[in-house]
Engineer: 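Here it is, the structure in full.
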Amino acid sequence: MTATILDGKAFAAKVRAQVGEHVARLKAQHGLTPGLAVVLVGEDPASQVYVKSKGKQTVEVGMNSYEHRLAVDTSQEDLLALIATLNADPAVHGILVQLPLPGHLNEDLVINSIDPAKDVDGFHISNVGLLSTGQKSMVPCTPLGCLMLLRDHHGSLSGLSAVVVGRSNIVGKPMAQLLLRDSCTVTIAHSRTHDLAAVCRAADILVAAVGRPEMVPGDWVKPGATVIDVGINRIERGGKTVLVGDVDFGSAAAVAGAITPVPGGVGPMTIACLLANTLTATCRANGLPEPEGLTA
Ligand code: GUN
C-alpha cells in the first residue's frame, strides 16, 4: 500500500486564503481590522524564526501585527504589565506569548494573565476547561490544524479508534479532547505506556506528538491507518541538518492509508490556525457570526 500524502502546505494556504477573504469583508462591512500581538522574550533562535513567520503571515492576510520583543532578563512584573496593556487595547484581538519563556518567568502565571477571549493559543486555564467540557473556547492551533486535516480526509471521525502519543498541554491533551469531541475512541499514550507498539497498532488514527525523531516505525502502524506526525526535529544526516518528524516516514508510508509529511504536513497548519483563531476572536469580540469551517 502507498499512503495518500496529506498536504498541509496546500491546505494551510487554503485556510489563509479563507481567513483573508473574511478579513477583507470585516474591513469593508464593519471597519474592523483584526490585530494579533506576539510577545517574544529573549533570543531563542527557533522562537525568533516562528515569530518572524507569524508576523509575515499575519500581515499577508490583511491583519495588523504587533510584535513585542523583550530582553531575556525582562522581569515578570514588566511582562505582566505589557499583557495588561494588550488585554485593554481594543485594537488587539489576539495575544500570543511565545513559549518557552526564560526560566525565571512563571509560564502558567503569564499565560493565565492573558484575557481568555484574546488567548489565541487556547492555553489559558479557562479555555482548557471550556474545551474539556465541550463548550465554546479558543482551541490550541496545532491540534486544531490536525483536526482540520483529519476531517478533510475522513469526513466523519465518529467511532474511529484514535491514539495520541504524547501528553503535552500544547498538543497531546487538547488533541485528545478534540478527537473525543468528534466521537473517536481515544487513548493517550506516552513514554511510560506498556507495549506502546501494540497500542499504536490498534489505531485507525495515530497522532505522534512526542518530539523524538522517527520514534514511530512502520510496524507500529495499522495497515490503512491515518498517521498525523506533529514532530519537527532537526537532526544531522549525511553531514547535513535535516528536518524529520516523530514518525519514520518511509516505513510508515508503506503501511498507512494516509500520512502527513515533515516538512509540509502539520507545521504550516499551526500558523494558519493561529490566524483563524485571531479572526474568530475578532468576530466574537464584536458580536459577529464566527467564520464557518475555521473553528473546532
Ligand atoms: N512554542 C512552540 N509552539 C508554540 C505555540 O503553539 N504557541 C506558543 N505560544 N509558543 C509555542
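We count ligands from 1, going down the list as the structure has it; atoms in each ligand are counted the same way.
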Engineer: Which residues pass the side chain to side chain contact (heavy atoms under 4.5 Å, CB included) test with Ile170, not counting sequence neighbours?
Structural biologist: Leu99, Phe123, Ser168
Engineer: Do Lys240 and Glu236 meet the salt-bridge criterion of a basic N to acidic O distance under 4.0 Å?
Structural biologist: no
Engineer: If only atom types and distance count, is the side chain of Asp229 paired as donor or acceptor with the main-chain N or O of Val266 below 3.5 Å?
Structural biologist: no
Engineer: Sequence neighbours left out, what passes side chain to side chain contact (heavy atoms under 4.5 Å, CB included) with Pro100? Give chain and number order.
Structural biologist: Ser47, Glu107
Engineer: Between Glu290 and Arg284, is there a side-chain N and carboxylate O pair less than 4.0 Å apart?
Structural biologist: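 A salt bridge links Glu290 with Arg284.
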Engineer: Could you check ligand 1 for N or O atoms lying under 3.5 Å from protein N or O atoms and list the pairs with distances?
Structural biologist:
residue  : atom   : partner : partner atom : Å
ligand 1 : 1 (N)  : Gln98   : NE2          : 3.3
ligand 1 : 1 (N)  : Leu99   : O            : 2.9
ligand 1 : 7 (N)  : Asp121  : OD1          : 3.0
ligand 1 : 7 (N)  : Asp121  : OD2          : 3.4
ligand 1 : 9 (N)  : Val97   : O            : 2.9
ligand 1 : 9 (N)  : Asp121  : OD2          : 2.6
ligand 1 : 10 (N) : Leu99   : N            : 3.0

Engineer: Quick one: list whatever passes side chain to side chain donor-acceptor pair (under 3.5 Å) with Ser158, sequence neighbours left out.
Structural biologist: none
